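For clarity, every value in this text was computed on a predicted model and none was experimentally measured. Basis for what follows: all heavy atoms, side chains included, without hydrogens, waters or symmetry-related copies.
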Amino acid sequence: MTFPAFPHCPDPDTYGGLTKREYAAIHIAAAIASRRIVANDRFTQEAVAQEAVALADAVLREAGKA
């Protein structure tokens, strides 16, 4: 999962050189975090990050089948 998120960007440093996996995980983590109840201790930052990466991997695997 090392493909760049923005392969045709004239300046790759503009986007920090993110991979597709990192880019997807960032957006998924933001969506997960925005929907969690703060009082729920089960959803720590680490749990959100792990869930986001797992979902990003699943999305990219599924996208690769197309």
Heavy-atom pair with the smallest gap, counting every atom of A25 and A52: O-CB, 3.5 Å
Indicate, with yes or no, if I26 and V53 share a hydrophobic cluster defined by side-chain heavy-atom contacts under 4.5 Å among Ile, Leu, Val, Met, Phe, Trp and Tyr. no
Minimum heavy-atom separation for K20 and L60, please, with both atom names. C-CD1, 4.0 Å
Gap between atom NE2 of H27 and atom CG of L55 - 0.5 Å precision: 14.5 Å
